[in-house]
Amino acid sequence: MNELIERIKMLASIEGDIDDEILQLHIENSINAIYIYLNNPKLSNEDIIENYPSAIIHLAKRQYVAEKEHLTGVSSMSQGSRSISYASAISFPYSIDDTIKALLPRPFLRLF
């Protein structure tokens, strides 16, 4: 787990050990998001850490940056009587977008 923290710190240009606990939480949340996406009850957290570290790092870094820069929420733009509101990809930092899907296998489908 410490290796994941160090890689996130390198990518996000984080110095020192102040945010290690926060990064640990983001890593755990990323592992849970990947577990839910893959929909495979046979996978353990250790399997996800071992097989998909890049996906974990990208999700955890996205959440860290979004939290530090207050980038979560809905964006809106107005021009005269027109108004547009949308949620950016960073609004949902643990969502599995196409970038993360490229790092993961297809989800497990269960048939009953």
Evaluate the side-chain proximity of Asp47 to Ser44: yes if any heavy-atom separation is below 4.5 Å, no if none is. yes
Separation between CD1 of Ile14 and NZ of Lys61, rounded to the nearest 0.5 Å: 9.0 Å
To the nearest 0.5 Å, atom CD1 of Ile96 lies from atom CD1 of Ile36 at 9.0 Å
Could I get the full list of side-chain contact (heavy atoms from CB on, under 4.5 Å) partners for Asp17, not counting sequence neighbours? Lys9, Asp20
All heavy atoms of Ile22 vs all of Glu67, minimum pair found to be CG2-OE2, 3.8 Å
Could you tell me whether the side chain of Arg62 reaches within less than 4.5 Å of the side chain of Asp97, counting heavy atoms only? yes
Interatomic spacing from OG1 in Thr99 to CG in Leu59 - rounded to 0.5 Å: 10.0 Å
Between CD1 of Ile5 and CD1 of Ile57, what distance do you get to the nearest 0.5 Å? 11.0 Å
For Asn40, check side-chain contact (heavy atoms from CB on, under 4.5 Å) against everything at least two apart and list the hits. Lys42, Leu43, Phe108
Any residue meeting side chain to side chain donor-acceptor pair (under 3.5 Å) with Glu6, in chain and number order, not counting sequence neighbours: none
With clusters defined by side-chain heavy atoms of hydrophobic residues (ILVMFWY) lying less than 4.5 Å apart, directly or transitively, does Tyr35 cluster with Ile56? yes
Compare every heavy atom of Ser30 with every heavy atom of Ala60, then report the nearest pair and how far apart it is. N-OG, 3.1 Å
Applying side-chain contact (heavy atoms from CB on, under 4.5 Å) to Pro53 and not counting sequence neighbours gives Leu4, Arg7
Among the clusters formed by ILVMFWY side chains lying less than 4.5 Å apart, do Tyr52 and Leu11 turn up in the same one? yes
Non-hydrogen side-chain atoms of His58 and Leu103 separated by less than 4.5 Å: yes
Partners of Asn45 by side-chain contact (heavy atoms from CB on, under 4.5 Å), sequence neighbours excluded? Ile31
Using every non-hydrogen atom in the two residues, find where Leu104 and Ala55 come nearest and quote the distance to one decimal. CD2-CB, 3.8 Å
Return the set of residues passing side chain to side chain donor-acceptor pair (under 3.5 Å) with Tyr37 (not counting sequence neighbours), or none when no residue passes. none
